[in-house]
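Contents: one structure, followed by commentary.
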Amino acid sequence: MTVLPKIEAFAADLTAIRQDIHAHPELGFEEVRTAGIVAEKLRAYGVDEVHEGLGGTGVVGTIKGTGGGNRRVGLRADMDALPIVEDSGVPYASTNPGRMHACGHDGHTTMLLGAARYLAETRDFDGTVVLIFQPAEEGLGGARRMLEEGLFEKFPCDEIYGMHNDPNSEPGVVNVTPGAAMAGAAFFDITVKGTGSHAAMPHQSRDPIVIGTALVQQLQSVVSRNTPPTKPIVLSVTKFNAGSAYNVVPDTASIAGTIRYFHEDVIEMAEARMRALCAGMASAYGIEIEVDIRNVFDVLMNDPELTTAYVEAAASVVGGENAHVSTEQASGSEDFADMLKVVPGAYCRVGHAGSVPLHNPGFVLDDAILPVGASIYARIVETRLPKVGG
């Protein structure tokens with residue numbers, strides 16, 4: 001592995017930044033402290049322009065290379081934490097109760113800061129790099145808000161790159177999947193409106209718990225009986241809430257969850273079947289069932305040509321044996337997909353020595369990955385914006 005020497009020289013600074021952000025996690029659109037640190041560091045590094053407040057708490061910086069080119073490459077990192085109580089045992093654990101960087105966005109932010117510092121010092125490229133620090137990736141639509149507020153009109157990019165840490169891969173292994181790389185996602189909320197009663201006289205009720213639990217079972221048939229086996233889909237019910245007393249049959253039950261998919265015809269079928277099942281249950285039991293299904297993440301599509309370019313840039317850091325064009329699709333989702341619908345680019349996964357899964361209270365990011373990710377970001381800029389004669 002050949003981490004860029006200038007970045008390796010300030011690796012300890014990156015660790016300090018990451019652990020400080022980790023100790024002070026902020027949820028989506030609340031990343032005031034984090035965004036302040038980002039803006040402060042970018043200015044200290046000599047970044048040419050620093051813009052705050054795009055997309056609420058987003059930060060965008062620009063750096064011009066020493067050449068005179070007009071091409072522009074975007075680099076993006078996410079900043080938000082999750083509503084999780086941390087149980088990692090690290091000395092820099094969250095000091096904000098019920099909030100935790102359990103997905104490693106503190107690391108992504110720090111990697112991009114490391115790349116910014118290096119690129120501002122060296123400027124060994126021909127064109128402009130756009131540094132995008134995005135809020136609210138975890139299902140709150142941070143990318144879409146930045147786009148709605150004119151991200152690429154204000155800061156045009158010819159291509160754009162992002163990355164995510166991966167505790168499921170070996171340290172230093174980089175994977176990029178061309179085409180459909182990460183699943184799209186819809187979230188759903190279903191409200192079963194029955195009739196409550198005394199629990200001793202359930203015959204006077206139209207029990208939303210009985211109806212709701214039956215509906216949960218029926219929803220599983222969408223995957224097992226309606227979806228072609230060659231088109232993957234995941235339908236998970238993740239919440240079921242009803243009742244507040246031992247002796248009361250409640251009026252309502254609420255069901256919520258997520259659908260993950262890679263094909264538009266599959267999500268359209270799944271939505272139609274879910275609505276039909278709910279309508280059928282409502283008719284059978286003589287009640288009302290409300291259904292809200294909404295798109296939250298699009299399918300993340302990596303540009304095939306830029307996938308190859310990203311792998312080659314990563315190989316210059318981690319070695320050719322550790323940088324791969326992968327065929328593995330991830331059922332997780334990522335709102336960087338929205339940016340890739342507007343600007344072509346690619347998104348990679350970088351393995352590290354952490355052993356606990358993402359979104360787990362015990363998740364620990366391996367700080368050794370920070371100079372690796374920063375170097376990959378820097379190298380994709382230098383390779384995609386080469387200096388004339390360089």
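Side chains are part of it too, since the values below use all heavy atoms of this structure and drop only hydrogens, waters and symmetry mates.
- In terms of heavy-atom proximity, Glu138 sits nearest to Asp80 at N-OD2, 2.9 Å.
- Between Arg99 and Glu26 no salt bridge is recorded (no basic side-chain N to carboxylate O distance below 4.0 Å).
- Counting only residues at least two apart or on different chains, the ring pair (Phe, Tyr, Trp, His ring centres under 6.0 Å) pairs with a member in residues 32-67 are His51-Phe155.
- Arg379 has a carboxylate O that lies under 4.0 Å from a charged side-chain N of Glu382, or vice versa, which qualifies the two as a salt bridge.
- When only modelled atom types and interatomic distance are considered, Asp367 and Gln19 share a side-chain donor-acceptor pair under 3.5 Å.
- Within 6.0 Å of CG in Asp292 there are more than 12 heavy atoms belonging to other residues, nucleotides or ligands.
- In this structure, a donor-acceptor pair under 3.5 Å is absent between the side chains of Arg349 and Ser169.
- Taking a cutoff of 4.0 Å between a charged side-chain nitrogen and a carboxylate oxygen, Arg144 and Asp335 do not qualify as a salt bridge.
- Using a cutoff of 4.0 Å between basic side-chain nitrogens and carboxylate oxygens, Glu49 and Lys64 are not scored as salt-bridged.
- Within a 6.0 Å sphere centred on CD of Glu121, heavy atoms belonging to other residues, nucleotides or ligands number more than 12.
- Ion pairing of Arg123 with Asp48 is present here, as a side-chain N (NZ or NE/NH1/NH2) and a carboxylate O approach within less than 4.0 Å.
- Here Tyr161 and Tyr310 bring their ring centres to under 6.0 angstrom of each other.
- Judged by distance alone, the side chains of Ser94 and Glu86 never bring a donor and an acceptor atom under 3.5 Å apart.
- In summary, the side chains of His108 and Asn165 do present a donor paired with an acceptor at a separation below 3.5 Å, with no hydrogens or angles considered.
- Remark: Arg18 does not engage Asp20 in a salt bridge, criterion side-chain N to carboxylate O under 4.0 Å.
- In this structure, Arg71 pairs ionically with Glu159, as a charged nitrogen and a carboxylate oxygen lie closer than 4.0 Å.
- One finds no salt bridge joining Glu312 and Arg384 here, because no Lys/Arg side-chain nitrogen approaches an Asp/Glu carboxylate oxygen to under 4.0 Å.
- The environment of CD in Glu328 is sparse: at most 12 heavy-atom neighbours from other residues, nucleotides or ligands sit within 6.0 Å.
- Electrostatic pairing of Asp251 and Lys193 does not count as a salt bridge here, judged by no charged N lying under 4.0 Å from a carboxylate O.
- Ionic pairing of Lys239 and Asp189 is not present here: no N-O contact between side-chain nitrogen and carboxylate oxygen is shorter than 4.0 angstrom.
- Taking a 6.0 Å sphere around CZ of Arg225, one finds it holds 12 or fewer heavy atoms contributed by other residues, nucleotides or ligands.
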